[in-house]
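Right, one structure below, let's go through it.
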Amino acid sequence: RREALEICHVVFIASDASAQSHEILKGLLGKGILTIGENDEFIDEGGIINFFIENKKVRFEINLRLAEEEGFHVSSKLLNLARVR
């Protein structure tokens with residue numbers, strides 16, 4: 001239910017929901033909600049933070065432009081750890 005998501009500050013979309021993630025993200029766009037996911041297309045679909053595995057370690061990437069458009073300030077310390085897209 002999209003209405004229930006719209007009252008959240010953070011929404012995590014698990015990889016098993018990736019088939020619906022594009023529609024979920026589209027519905028949350030412009031609402032100032034931090035969206036976090038874990039599939040290869042998440043950032044391209046409009047997510048803000050995506051977790052992925054690289055060299056057997058959990059890493060993350062940030063859609064900085066979208067984060068700023070949604071009203072989030074991302075610290076330089078966090079950006080140094082992330083892959084920025």
Report task. Provide the full list of salt bridge (Lys or Arg N to Asp or Glu O under 4.0 Å) pairs with a residue in residues 45-54, sequence neighbours left out, each pair given once. Result ->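 Applying salt bridge (Lys or Arg N to Asp or Glu O under 4.0 Å) to every pair that reaches into residues 45-54, excluding sequence neighbours, yields Glu54-Arg59.
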Requested in this report: Kindly state each residue pair satisfying salt bridge (Lys or Arg N to Asp or Glu O under 4.0 Å) with at least one member in residues 62-75, sequence neighbours excluded.
Outcome: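 Checked against salt bridge (Lys or Arg N to Asp or Glu O under 4.0 Å) - neighbours excluded - the pairs reaching residues 62-75 are Arg65-Glu69.
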**Report entry** Pairwise side-chain contact, Leu29 with Thr35, heavy-atom cut-off 4.5 Å (strictly under)
**Finding:**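 No, their side chains stay 4.5 Å or more apart.
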Query raised in the report: With distance as the sole test, does Asn55 use its side chain to make a donor-acceptor pair with the main-chain N or O of Lys57 at under 3.5 Å?
Result: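 A pair under 3.5 Å: no.
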Can I get a per-line list of side-chain donor-acceptor pairs under 3.5 Å for residues 71-78, giving both atom names and the distance, sequence neighbours left out?
| residue | atom | partner | partner atom | Å |
| --- | --- | --- | --- | --- |
| Ser75 | OG | Leu78 | N | 3.1 |

Examine [X] and [Y] and state if one hydrophobic cluster contains both, with Ile, Leu, Val, Met, Phe, Trp and Tyr joined whenever side-chain heavy atoms are less than 4.5 Å apart.
X: Ile62; Y: Leu34; answer: yes
X: Leu25; Y: Ile48; answer: no
X: Leu64; Y: Ile49; answer: yes

Reported [atom1]-to-[atom2] distance for the pair [X] and [Y], which is rounded to 0.5 angstrom:
X: Phe52; Y: Phe42; atom1: CZ; atom2: CZ; answer: 14.0 Å
X: Ile53; Y: Glu38; atom1: CD1; atom2: CD; answer: 9.0 Å
X: Ile43; Y: Asn63; atom1: CD1; atom2: CG; answer: 5.0 Å

Atom pairs and distances, donor-acceptor, side-chain atoms in residues 7-16, under 3.5 Å, two or more places apart:
none

Query raised in the report: With a cut-off of 6.0 Å (strictly less than), are more than 12 heavy atoms of other residues, nucleotides or ligands near CG of Asp40?
Result: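 12 or below, so no.
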Query raised in the report: Can you name the side chain to side chain donor-acceptor pair (under 3.5 Å) partners of Glu61, sequence neighbours left out?
Result: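 In terms of side chain to side chain donor-acceptor pair (under 3.5 Å), with neighbours along the sequence ignored, Glu61 is linked to Asn50, Arg83, Arg85.
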